[in-house]
Amino acid sequence: MLSAVKRSVKTPALRGGALHPREQVLAAVNARGFATSPYIEETVIPTYHFQDSLPKLPVPKLEDTLERYKYFAQPVVSEATFDTTSKLCDSFLNGEGKALQEELVAKDKAKYSSFISEPWFDMYLKSRDPLMINVNPQLTFNDAPDSSRMDQASRAATLVTSSARFYRTLKDEKLSPDIFHTKPKDSETDRYKTLMKWIPRKFAFYGSYYYGAFPLDMSQYGRLFSSTRIPKNGKDELVTYEPSESRHVIVQRGSEFYKLYVLNEDGSIKDYGEIKSQIEGILARPLNNSSPAVGVLTSMERNAWASAREELVASPVNKQSIHDIDSALFALCLDDEGATTHDDLNRLMLHGKGRNRWFDKSFQLIVAANGKAAVNFEHAWGDGVAVLRYFNMVFNDSNSLATDTDPSAPKSQEMNPLQFDLSDSLCKIIGDAGSEADRFISSLELFTLESDLISRRFCKENKLGADGYLQMSFQLAHEKLHGKTVPTYESASTSGFKHGRTETIRSATPEAASFAKLFVEGSASKEAKAAALKKAITKHGEITKDALLGKGMDRHMFALRTLAEEKGKTLDIFTDETYQTMNKIILSTSTLASPALLAGGFGPVNQDCYGIGYGINDEAFRVGVASYYRGSKEFVDAVEESAREMRDVIV
């Protein structure tokens, strides 16, 4: 499906999930009482056991998609524009749309995949926008509970070692499959696991379904490690390297890069003490921020970076260094700055200075000078499902990892610095890229709100959907500031289907618009406001369920448009004012929930957009808003005011 993708294959050392002789010895409990298995977990059900029996993402009926399209368009366009769109939908349904739908269905039937998978990959890879801020999100870890693990070297070493353990767990297929359990008392049992193990792969999903356990697609895990996005003119490429080429992590500090081996030649994991010693050696070297920062090239517009990369790799020295970066398991960024406030942390982990980063890697593990840590990941290869599983398991494992080392053991300070041969032309390109990164970073405005006005407990006590409640606070906030309802995006995972990606939850429903306007007008009774709020939240729950089950409209419309464009056709329904309005998202929202997660962040998707990352727990909620100086502070203030007004009509 994608060119230049080198599939990962197991080396003989990893085949079958057997421990290496060295690890058979270490797997015993050591003298200090710590188990040293190379695996974070050892599953009964093989990792990819359900992949051959997952259901396919359904291609919605065209008439259903067009009805949903009109429903979501109604509150965000004028009445006259909506009337025009309704006529275009009728014409499309009985004309060009019918033929496109038939072709889409036929193409979908011809392969065991998702109708959206290939065009969605292409959409990401053809985008020429810089990855920094525009594409890569960040997830910030909570601090380690043990403060002795929070110095920079210890935090980096524990996270790197646990990452290597996760890698081995995944590669040796010891990682348990992703499963959504609706009846955990029946399915989270030894009986279920044993039975699933023996059901043939082609029928495994159906056996699990009987227990109310729904396996999720795990195809994205193959690009979590040893993977990178290569800039190419017009369309980038995703490349994944074989284990024999990928035993190392690339460490970035200041302008310098180091190749740090975390796996031995037999594929076993190096000792924590050895990894920490090498990181300490890198941190002990004088900080170099004066040399040209090659990493800033990955923040460039993609065609410009593709051209610069060709010039860069023309030198054999540079070609080898770039290969070492591309083939690394992942990148580790040791930042020379610390951050404590939520806003400063978001900035540091989302973009930093744009120089001590390699945005093309599948993910970067960033560790600040004060031990704060985060994952910044490239979005084309996958969504948050695989990253969050890695994030959670590595956080937990790193906090319990045995870190005692033998004082008599020799300390390894082996360092493998990468070399670059930079011409005057390349130095100028790097300098210009740095100036552009500075300009872009300075154009971004970030503010965070933390408040107990909304909590999961409050929502549960009042029988209100917590996510819908928060989404309505965003709708009301925008209505207060701008006096209108605007296209809103919330991500829903369709990983319940083979090669599923995401679907859009369009929170700006007619019910949400009515609720927001009723509150702003102010003349309605408390009871009427409460009823409107509850109705909007209920509708949000319904459309969320639809999106998760593949019954949204955005991906279907996108696939039809892509098919038309491949035929060289420009259809009125896709050039219509409504379609243009609907696809310029003004409120781009995303949420993740995890005990390991302090906060997340991402950039606005256009100049008029608010990028809203949010989370809620039993006691409070947090909202981080990013915009290109559209008034991020005013927006979070409006969210707080909205949350207070909403609470007042409920209690």
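In this text, all values refer to a predicted model and were calculated from it rather than measured experimentally.
- Side-chain atoms of N288 never come within 3.5 Å of backbone atoms of S255 as a donor-acceptor pair (strictly under, hydrogens ignored).
- The shortest side-chain heavy-atom distance between L139 and Y390 does not fall under the 4.5 Å cut-off.
- With no hydrogens or angles considered, no side-chain donor-acceptor pair links Y124 and E378 at under 3.5 Å.
- Across every non-hydrogen atom of S246 and A328, the tightest pair is OG-C, 3.6 Å.
- Residues A599 and L597 come closest through the heavy atom pair O-CD1, 3.3 Å.
- For Y241 and H323, the ring centers sit closer than 6.0 Å to each other.
- Note: F420 and F257 meet the aromatic proximity criterion, with ring centroids under 6.0 Å apart.
- For the pair W305/L131, no side-chain contact is recorded, criterion being any heavy-atom separation below 4.5 Å from C-beta on.
- Across every non-hydrogen atom of D383 and F377, the tightest pair is O-CE1, 4.2 Å.
- The aromatic rings of F363 and F330 lie parallel to each other, with less than 30° between the two planes, well short of the 60° mark.
- The cationic atom of R389 (NZ for Lys, CZ for Arg) does not lie both less than 6.0 Å from the six-membered ring centre of F166 and within 45° of the ring axis.
- L444 and A626 get closest at one heavy-atom pair: CD1-CB, 4.1 Å.
- Residues R155 and V367 approach most closely at CB-CG1, 4.2 Å, considering heavy atoms.
- Note on ring orientation: taking the six-membered ring where Trp is involved, the planes of F474 and Y614 are perpendicular (angle over 60°, cut-offs 30° and 60°).
- For the residue pair D554 and Y489, no side-chain donor N or O sits within less than 3.5 Å of a side-chain acceptor on the partner.
- Taking the side chain as every heavy atom from C-beta outward, D178 and D217 never approach each other to under 4.5 Å.
- Under 4.0 Å is where a charged nitrogen must lie from a carboxylate oxygen, and between D326 and R309 at least one such pair does.
- Using a cutoff of 4.0 Å between basic side-chain nitrogens and carboxylate oxygens, R439 and E436 are scored as salt-bridged.
- Between S594 and N392, the side chains place a donor N or O and an acceptor N or O closer than 3.5 Å (distance only, hydrogens not considered).
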Practice item. Before giving the answer on side-chain contact (heavy atoms from CB on, under 4.5 Å), spell out for T502 and R555 the whole-Å C-alpha distance, their side-chain angles and the decisive distance to 0.1 Å. Key: CA-CA 8 Å; T502 61; R555 301 300 176 263; 2.9 Å; yes
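- S227 and T240 get closest at one heavy-atom pair: OG-OG1, 3.4 Å.
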Exercise for review: Give the C-alpha distance, both sets of side-chain angles, the deciding distance and a yes or no for side-chain contact (heavy atoms from CB on, under 4.5 Å) between I366 and R357.
Suggested key: CA-CA 9 Å; I366 302 169; R357 300 289 183 268; 3.5 Å; yes
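- Looking at heavy atoms from C-beta onward, N136 lies out of side-chain contact with Q138 at the 4.5 angstrom threshold.
- Side-chain atoms of D343 and T341 form no donor-acceptor pair, as typed in the model, at a separation below 3.5 Å.
- Neither side chain, R355 nor S299, offers a donor N or O lying under 3.5 Å from an acceptor on the other.
- Around atom CD of E310, no more than 12 heavy atoms belonging to other residues, nucleotides or ligands sit under 6.0 Å away.
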